[in-house]
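Read through the structure below, which is laid out as structure tokens, and then see the notes.
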Amino acid sequence: MQAPARAVRTVRADGTPVYAWDQRPGVPPVRVVPLDPDCDGEHLPPGNRHAHDFWVLAYVERGGGTIGLDGKQVTLHDGEVHAVAPGEVVAAESLAELTHARAWSVAFTPDAIPSLASISPLTWAHHPLLALFATDARRARVLEAERPRWQALLADLAEELRHPDRLGAHDAVTAILTNLLVASARLAPTAPIAPDPLVSRVFDEIERTYATKVSAGDLARSLGYTPGHLTTVVRQRTGRTLLDWLTERRLTEARRLLRETDLPLSVISTRTGLTDPGYLVRRFKARYGTTPDRWRREARDA
């Protein structure tokens with residue numbers, strides 16, 4: 001249940017590495033990794049606990065063995081779908097037991113889907129498309145009659161990702177991922193996990209102030225916490241730091257302005273709290289692997 005996005009963003013106090021998404025210019029933020037007895041192990045994680053800052057949807061075509069997910073030992077069964085949210089800890093060493101299992105791991109960031117890319121990332125956790133990630137168990141069973149469709153969708157997604165320059169590949173990846181998320185959401189129980197009160201307060205404050213020059217420290221103090229403490233708590237509960245979320249919200253707005261307006265970078269940086277055009281370019285390139293100007297051209301040509 002690990003995607004090959006292997007750059008370490010940070011290491012938690014207990015030594016758990018948190019892997020970041022390895023963004024590539026012009027490539028949809030989606031990866032598919034098969035896990036079966038014949039794979040060469042190239043994509044398997046190292047023998048330790050780890051977490052990631054992206055989202056993973058895993059489909060178990062054939063069960064066998066167990067894996068540690070956020071402190072729980074989970075036995076894998078035929079036809080199960082597992083949703084691994086950002087920040088959840090995967091006990092990677094247990095993958096050695098999966099000698100008979102066959103599964104697919106789809107790693108992605110929600111902005112791969114246009115309807116999610118156009119809204120605040122602070123609302124992703126409670127969006128209907130990601131409903132399975134907001135349930136307590138974060139897993140469901142696909143009816144046997146539906147399993148061939150899941151396998152076909154995953155095989156098609158892997159094929160499109162192998163040929164990113166093929167006509168319509170980007171649109172096909174988006175469509176298939178959307179179908180998979182819709183199918184998984186329809187399997188989710190109707191009662192989602194209640195939002196974390198502290199995280200909700202943090203996100204509300206980010207939403208209220210991100211367009212100003214507020215810092216992560218300013219946010220923490222306005223909520224009555226020290227910056228170090230609140231950053232640690234937010235990272236533990238969401239998989240990302242306070243600054244990560246603040247920057248993500250600003251960059252989402254920057255993308256919207258780039259796509260929908262002809263405003264120069266100097267104005268966009270001011271409207272998103274990103275200080276100046278140079279800082280906007282650096283943060284944008286670090287997050288998306290391309291410059292704002294190039295992203296604007298590609299978004300309008302799509």
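Just so you know, residue 1 is the first one in the sequence shown, and it goes up from there.
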Assess whether side-chain contact (heavy atoms from CB on, under 4.5 Å) is satisfied between Leu177 and Phe108, documenting all intermediate values.
CA-CA 9 Å; Leu177 177 61; Phe108 65 97; 4.1 Å; yes

Any chance you could lay out the side-chain contact (heavy atoms from CB on, under 4.5 Å) test for Val106 and Val56, step after step, and finish with the verdict?
CA-CA 6 Å; Val106 181; Val56 175; over 6 Å; no

Begin from the C-alpha positions of Val81 and Leu57 and carry the test side-chain contact (heavy atoms from CB on, under 4.5 Å) through to its verdict.
CA-CA 7 Å; Val81 181; Leu57 189 69; 3.5 Å; yes

Walk me through whether Ile268 and Arg296 qualify under side-chain contact (heavy atoms from CB on, under 4.5 Å).
CA-CA 12 Å; Ile268 292 176; Arg296 172 179 262 167; 3.7 Å; yes

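Between His52 and Phe54, the ring planes are parallel. Angles under 30° get that label, and only those over 60° would be called perpendicular. The aromatic rings of Trp150 and Tyr59 sit parallel, their planes meeting at an angle under 30°, below the 60° perpendicular limit.
Distance check, rounded to the nearest 0.5 Å: CG of Asp218 to CZ of Arg221 gives 5.5 Å. One finds the NE2 atom of His82 at 11.5 Å from the OG atom of Ser105 (value rounded to the nearest 0.5 Å). Taken to the nearest 0.5 Å, the CZ atom of Arg201 stands 5.0 Å off from the CG atom of Leu223. Rounding to the nearest 0.5 angstrom, the gap separating the CZ atom in Arg162 from the CG atom in Leu157 is 10.0 Å. Here the straight-line distance linking atom CG of Leu154 with atom CG of Asn179 works out to 11.0 Å at 0.5 Å rounding. Rounding to the nearest 0.5 angstrom, the gap separating the NZ atom in Lys213 from the OG1 atom in Thr275 is 6.0 Å.
Comment: Arg250 does not engage Glu253 in a salt bridge, judged by the lack of any side-chain N to carboxylate O separation of less than 4.0 angstrom. Under a 4.0 Å N-O distance rule, the pair Arg287/Glu248 qualifies as a salt bridge.
In this structure, the side chains of Pro164 and His170 stay at 4.5 Å or more apart for every pair of heavy atoms. In this structure, the side chains of Ser120 and Glu207 come closer than 4.5 Å at one or more pairs of heavy atoms. Looking at heavy atoms from C-beta onward, Leu198 lies in side-chain contact with Val233 at the 4.5 angstrom threshold. No side-chain heavy atom of Val32 sits under 4.5 Å from any side-chain heavy atom of Glu159. Side-chain atoms of Val74 and Thr66, non-hydrogen and from C-beta on, never get closer than 4.5 Å to each other. For the pair Thr241/Val234, no side-chain contact is recorded, criterion being any heavy-atom separation below 4.5 Å from C-beta on. For the pair Arg149/Leu153, a side-chain contact is recorded, criterion being any heavy-atom separation below 4.5 Å from C-beta on. The closest side-chain heavy-atom distance from Ser269 to Tyr279 is not below 4.5 Å.
Summarising the local packing, CZ of Arg166 is surrounded by more than 12 heavy atoms from other residues, nucleotides or ligands at distances under 6.0 Å. Within 6.0 Å of the CZ atom in Arg256, the count of heavy atoms belonging to other residues, nucleotides or ligands exceeds 12.
Each of Thr270, Val281, Leu257, Asp276 was compared with Leu265 under the side chain to side chain contact (heavy atoms under 4.5 Å, CB included) criterion, and only Val281 meets it. Between Leu219 and the choices Leu243, Val214, Val202, the side chain to side chain contact (heavy atoms under 4.5 Å, CB included) rule is met once, by Val214.
Contact record, Pro128 with Ala185: O-CB, 3.3 Å, taken as the closest heavy-atom pair. Taking each heavy atom of Ala169 and Glu160 in turn, the nearest pair found is CA-OE1, 3.7 Å. Shortest non-hydrogen contact noted between Thr75 and Arg139 is O-NH1, 3.8 Å. Residues Leu230 and Ala220 come closest through the heavy atom pair CD2-CA, 3.6 Å. The minimum heavy-atom distance between Asp78 and Arg147, with the atom names listed, is O-NH2, 3.6 Å. Counting all heavy atoms, side chain and backbone alike, Thr178 lies closest to Thr174 at OG1-O, 2.7 Å.
Cluster annotation: Leu181 and Val173 are assigned to the same hydrophobic cluster (Ile/Leu/Val/Met/Phe/Trp/Tyr, side-chain heavy-atom contacts under 4.5 Å, transitive). Hydrophobic clustering (side-chain heavy atoms under 4.5 Å, transitive across Ile, Leu, Val, Met, Phe, Trp, Tyr) groups Leu274 together with Leu258. Under the 4.5 Å side-chain contact rule for hydrophobic residues, Trp124 and Leu242 do not share a cluster. Grouping the Ile, Leu, Val, Met, Phe, Trp and Tyr side chains by contacts below 4.5 angstrom, directly or via other members, places Leu122 apart from Trp55. Hydrophobic clustering, with ILVMFWY side chains joined whenever heavy atoms are under 4.5 angstrom apart, groups Val30 together with Phe133.
Checked by atom type and distance alone, the side chain of Glu146 never pairs as donor or acceptor with a backbone atom of Leu143 at under 3.5 Å. With Asp53 contributing its side chain and Trp21 its backbone, the two residues share a donor-acceptor pair below 3.5 Å. With hydrogens and angles disregarded, no donor-acceptor distance shorter than 3.5 Å links the side chain of Thr135 to the backbone of Ala131. Under a 3.5 Å cut-off, the side chain of Arg255 and the backbone N or O of Ala117 do form a donor-acceptor pair.
Using modelled atom types, one finds a donor on one side chain and an acceptor on the other under 3.5 Å when comparing Thr109 with Asp111.
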